[in-house]
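Take a look at the structure set out below.
In listed order, ligands and their atoms are each counted from 1. Heavy atoms only: backbone and side chains are in, while hydrogens, waters and symmetry mates are out. In this chain, residues are counted from 1 in sequence order.
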Amino acid sequence: MRGDITEADVDVVVNAANPGLLGGGGVDGAIHAAGGPAILEECRAVKARLPGGLLPRGQAVATTAGRLPARWVVHTAGPVWSAGEDRSATLRSCYTESLREADRLGARTVAFPAISAGIYGWPLDDAARQAVAGVRAAGPLEHVRHVRFVLFDDRALAAFEAALAG
Ligand code: APR
């Protein structure tokens, strides 16, 4: 669906973060702005427990969602697009690992943005294909029943509709 993921009425909103976990622009900035300081406070606590204080790309960690309608934010760090290196497995892992973490929390509904398709420069059509593949590759989930892609513009929406129809 087209929309602003900070308004998604789901259990888990997935954030396209960076390994530093201290916020940024794009959807990361929007989630922190709408969710308020509680999210950043928990990001700091999670960061302190990570080796070197960095979230490895393709992995996912959870925090409170603060003032968002959602209960949790699952932060994942996508790969930066590279024409010379195939990082698509890492991008798929963002979706698979975020779903694993959401399921561990007991979430039933999860909303994803188009991870890596903005500042990280991933071509939209392939970002959509990797997103769909990553969700479909998720292991058996005990709680998650509904996954939605929340896309910020019509181009992204069209790319995901094409990927889902493929
Ligand atoms: N709701 C849904 N989607 C959004 C929103 C929003 N409020 N704001 C932006 N987007 C979309 C963008 O249009 C893009 O399609 O999210 C997608 C991902 O773009 P980015 O947010 O730029 O994320 P990414 O490409 O993964 O880059 C991550 O950017 O914001 C920083 O801290 C972040 O360093 C990290 C990098």
Side-chain angles (χ1 to χ4, degrees), residues 1-37 39-44 46-47 50 52-63 65-83 85-99 101-102 109-135 146-164:
M1 66 175 279
R2 164 127 192 215
D4 176 343
I5 204 168
T6 64
E7 298 168 359
D9 190 5
V10 290
D11 294 327
V12 161
V13 163
V14 176
N15 181 23
N18 60 59
L21 274 187
L22 297 179
V27 71
D28 196 5
I31 285 171
H32 282 281
I39 300 177
L40 187 57
E41 277 162 34
E42 275 196 33
C43 281
R44 286 206 177 90
V46 169
K47 179 182 175 67
L50 291 169
L54 294 175
L55 175 67
R57 293 184 188 276
Q59 293 187 21
V61 290
T63 67
R67 294 195 298 263
L68 298 183
R71 286 187 62 186
W72 299 282
V73 175
V74 168
H75 306 262
T76 190
V80 179
W81 167 251
S82 161
E85 182 188 342
D86 179 3
R87 298 173 176 173
S88 52
T90 303
L91 184 50
R92 291 193 297 275
S93 172
C94 288
Y95 292 89
T96 311
E97 290 305 306
S98 293
L99 282 175
E101 180 61 10
T109 56
V110 180
F112 283 102
I115 299 168
S116 292
I119 292 164
Y120 278 169
W122 205 281
L124 202 44
D125 290 340
D126 193 64
R129 282 194 293 272
Q130 302 305 332
V132 171
V135 169
H146 171 83
V147 174
R148 100 172 41 150
F149 295 112
V150 179
L151 305 152
F152 210 42
D153 56 48
D154 287 336
R155 269 188 69 239
L157 180 64
F160 274 72
E161 284 171 340
L164 282 162

On a heavy-atom basis, which atom in [X] and which in [Y] lie closest, and how many Å separate them?
X: Q130; Y: W122; result: CG-NE1, 4.5 Å
X: A131; Y: F149; result: CB-CE2, 3.9 Å
X: A77; Y: L55; result: N-CD2, 3.9 Å
X: T76; Y: G58; result: OG1-C, 4.2 Å

Verify whether one side chain among Y120 and R87 offers a donor that lies under 3.5 Å from an acceptor in the other.
no

Which residue owns the protein heavy atom closest to [atom], what's the atom, and how far is it?
atom: atom 2 (C) of ligand 1; value: I5 N, 3.6 Å
atom: atom 25 (O) of ligand 1; value: G118 N, 2.8 Å
atom: atom 29 (O) of ligand 1; value: I119 CD1, 3.3 Å
atom: atom 23 (O) of ligand 1; value: A16 CB, 3.7 Å
atom: atom 15 (O) of ligand 1; value: A114 CB, 3.9 Å
atom: atom 12 (C) of ligand 1; value: F152 CB, 4.5 Å

Run down the list W81, Y120, F149, W122 and name the one with the heavy atom closest to atom 35 (C) of ligand 1.
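Comparing heavy atoms across W81, Y120, F149, W122, the nearest one to atom 35 (C) of ligand 1 lies in Y120.
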
Using a strict 4.0 Å cut-off to heavy atoms of [X], name the atoms of ligand 1 that fall inside it.
X: G25; result: 30 (O), 31 (C)
X: D28; result: 30 (O), 32 (O), 33 (C)
X: G24; result: 30 (O), 32 (O)
X: A117; result: 25 (O)
X: A30; result: 7 (N)
X: D4; result: 1 (N), 6 (C), 7 (N)
X: S116; result: 24 (P), 25 (O), 26 (O)
X: N18; result: 32 (O), 33 (C), 34 (O), 35 (C)

Residues W72, T63; criterion side-chain contact (heavy atoms from CB on, under 4.5 Å); working and verdict
CA-CA 6 Å; W72 299 282; T63 67; over 6 Å; no

Could you tell me whether some N/O pair between V27 and ligand 1 is separated by less than 3.5 angstrom?
yes

Step-by-step side-chain contact (heavy atoms from CB on, under 4.5 Å) determination, C94 to R57:
CA-CA 8 Å; C94 288; R57 293 184 188 276; over 6 Å; no

Check: Y95 side chain, F112 main-chain N or O, donor-acceptor pair, under 3.5 Å
no

Could you tell me if any non-hydrogen atom of G29 lies under 4.0 Å from any atom of ligand 1?
no

Check whether any heavy atom of G23 sits under 4.0 Å from an atom of ligand 1.
yes

Tell me if the CZ atom of R155 is crowded by more than 12 foreign heavy atoms within 6.0 Å.
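Counting neighbours around CZ of R155, 12 or fewer heavy atoms of other residues, nucleotides or ligands fall under 6.0 Å, so no.
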
Between V10 and R148, is a side-chain contact (heavy atoms from CB on, under 4.5 Å) present by the stated rule, with each step listed?
CA-CA 9 Å; V10 290; R148 100 172 41 150; 3.9 Å; yes

I would like to know whether L50 and L21 meet side-chain contact (heavy atoms from CB on, under 4.5 Å); could you show each step before the answer?
CA-CA 10 Å; L50 291 169; L21 274 187; 3.8 Å; yes

Under 4.0 angstrom from atom 17 (C) of ligand 1, is there any protein heavy atom?
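There is a protein heavy atom less than 4.0 Å from atom 17 (C) of ligand 1.
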
Salt-bridge contact D154-R2 (side-chain N to carboxylate O under 4.0 Å)
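Counted as a salt bridge, because a side-chain N and a carboxylate O are separated by less than 4.0 Å.
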
Is A77 touching ligand 1 with its side chain, its backbone, both, or neither, if touching means heavy atoms under 4.0 Å apart?
neither

